[in-house]
Every structure is written in structure tokens, then in C-alpha cells.
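Encoded as C-alpha cells, the structure appears first; notes follow it.
Counting starts at 1 for both ligands and their atoms, in listed order.
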Amino acid sequence: MDTQTTRSVPNAPHPAIRMDLDAPDIPHIAPESLPQHVAIVMDGNGRWANQQGLHRTQGHEAGERALMETVAGAVELGIPELSLYAFSTENWRRSPAEVRFLMGFSRQTIHDDSATLNAWGVRVRWVGRAQKLWRSVLGELRAAEQLTQHNQRMTLNLCVNYGGRAEIVDAMRAIASQVQSGRLNPSRISEATVARYLYAPHMHDVDLMIRTSGERRTSNFLMWESAYAELAFSDVMWPDFTRQDLWGLCTEYIHRHRRFGGAQDAPRV
Ligand code: FPP
């Protein structure tokens, strides 16, 4: 199948989720005005489940559907890069049962959804630390990366066993060993040098960071890359998040005035 020309493709595990580039309700936003990189802290699975008398793990299952729904919406809108915080380096502190569930569920989800993501023209990239991550999960992530490596419609960064501080620490270790071996002169270390040693050196800076569930913090997600990100908080619990919610936040984003530390003197007359 020619993945780059596929315009309307259902998702096999969720036949109701379609990616349709010709859907009439997609907002028309000029490509250059769109956030080039959207990062999402998918929060609220556990609370959503408990509120309905369900177990937290059922919230994660519902969250996977929202994940595919959001990816479809991002592709439809024309967002070039989307990062999703699926498991943080701090999530190991959860109960062993929940950690086991999340690892097994991530493995299954990546396995089940890869073909759909591929048909949608999405390139999957794993971003995170290998240490501690289940080998079988890493195996599925690598397989998804390989399957989708030539896709160009959107890059999906699956952040699994990811932490912003861990990423900076790992970059510092790599830089320090370059210095130690004489290959790098400390006085030549710049922001560009540090960026080169991050997990995904070609990642675009985050333009818009979204967090669901009413919490208002970024929780160690893409710290370096989101230094100038616009922040958007939604009260919707992640399992209820829809592509329309994403489109709404992106539409709001285009009205933000970004200065990146610069300033313009324009006294009102
Ligand atoms: C946050 O809700 C959600 C997570 C920590 C896990 C999200 C994972 C998925 C949706 C599946 C991931 C699959 C892939 C593709 C790797 P929470 O548990 O923190 O909710 P709470 O704040 O209400 O407790």
C-alpha cells in the first residue's frame, strides 16, 4: 500500500477511529501557523477509571483509544511532529502490578497499532532510556520504528521510560566522555552541542505542550526541548480527549504571541 497517499484508513483494533484527510470538520490552519511539534502529557487515566468504579488499568485501556484518536486528529490537521508521554522514568514508583500492566499493555499496543500508524503515514520513533525498560517493549518499539521509517506525514515520538532530567544527565555523560577522550573541547560546548546528545537530536523544539486532566505542570517532559513551548491545559481526562479537543487547542495556539525573549517597542497612541 502507498502509505503517503492513503487518505481514509480505519484502525483495525478500533474500527470507529478513522484518519480522514478529507473530513469536512478539520479546521483550516495554514501549515506555517500550525505548531510544528505538539507534546502531550496524557494525564487522568486512573482518575477517569476510578470515577466510574473501574480499575486504574481500565483507564489505561481507554487511554490507548484516545491516543489513536489524537494521532488521527494530528495527522488530519497536518501537525508534523507529535510527542506522547506514555511512561516516565518516575512511573516505576507505581505499584508493581500497575507497572507490570503498563509494560505489558504498552508492548501489546505498539504491536497492535503499528500497522495502522504505518497506513496513516506516521513515522514512529521511540524516545527514552533503555535501562530498566522491558526488553520486549523495546523490541516492539524498534520493530515499529523499522516498519514506519520511510513515512513522512508525521513523526510520532513515543516517550517510554522517558524523563527530561534523565535525558539531560545521559547527554552530559556522553559529552563528558567525549571531553575525557580529548575529542571535545569544553570551551566549544554550545546549546547545539547539548542538543546533539539528546535522545532524538533532530526533534523540533516543542511549540505547544498540552496536559489533560486539569493538572497544571509539565512533570519532567521534554524539559530542554520545551524551553519556549506554549502551555495549554485541558480539564478533560485523557480517555475522553478527542481530536476536536486537540484542534481546539491548536486553534487557540495560533493566536498566541510568541516572542522567544525578544521585544517590540510599540507605545499606544
Ligand atoms: C497517565 O494517567 C497515563 C499513563 C501513565 C499511561 C498512558 C499510557 C497509555 C495511554 C498507553 C501507552 C501505550 C503506548 C503506545 C506506549 P495516570 O495513570 O497518571 O492517571 P491519574 O493521574 O488519574 O492517576
**Message:** Before you tell me yes or no, could you show the steps for H37 and D207 under side chain to side chain donor-acceptor pair (under 3.5 Å), namely the whole-Å CA-CA distance, both residues' side-chain angles and the distance that decides it to 0.1 Å?
**Reply:** CA-CA 5 Å; H37 183 183; D207 290 317; over 6 Å; no
**Item:** Side-chain touch N220/S88, heavy atoms, less than 4.5 angstrom
**Value:** no
Could you pull out the N/O contacts under 3.5 angstrom between ligand 1 and the surrounding protein atoms?
residue, atom, partner, partner atom, Å
ligand 1, 2 (O), N45, N, 3.4
ligand 1, 18 (O), R56, NH2, 2.9
ligand 1, 18 (O), R94, NH1, 2.7
ligand 1, 19 (O), D43, OD1, 3.2
ligand 1, 19 (O), R94, NH2, 2.8
ligand 1, 20 (O), G44, N, 3.4
ligand 1, 20 (O), N45, N, 3.2
ligand 1, 20 (O), G46, N, 3.1
ligand 1, 22 (O), D43, OD1, 2.8
ligand 1, 22 (O), R47, NE, 3.4
ligand 1, 22 (O), R47, NH2, 3.0
ligand 1, 23 (O), G46, N, 3.3
ligand 1, 23 (O), R47, N, 2.7
ligand 1, 23 (O), R47, NE, 2.9
ligand 1, 24 (O), R56, NH1, 2.9
ligand 1, 24 (O), R56, NH2, 3.0

**Item:** Listed partners of A97 passing side chain to side chain contact (heavy atoms under 4.5 Å, CB included), at least two apart
**Value:** S95, R100
**Request:** Check Y228 against G261 and note the closest heavy-atom contact, atom names and distance.
**Result:** CE2-N, 3.9 Å
**Asked** Are any non-hydrogen side-chain atoms of C250 and P35 less than 4.5 angstrom apart?
**Response** yes
**Message:** Just so I know, are the side chains of R211 and R217 near enough to count as touching, which here means a heavy-atom distance under 4.5 Å?
**Reply:** yes
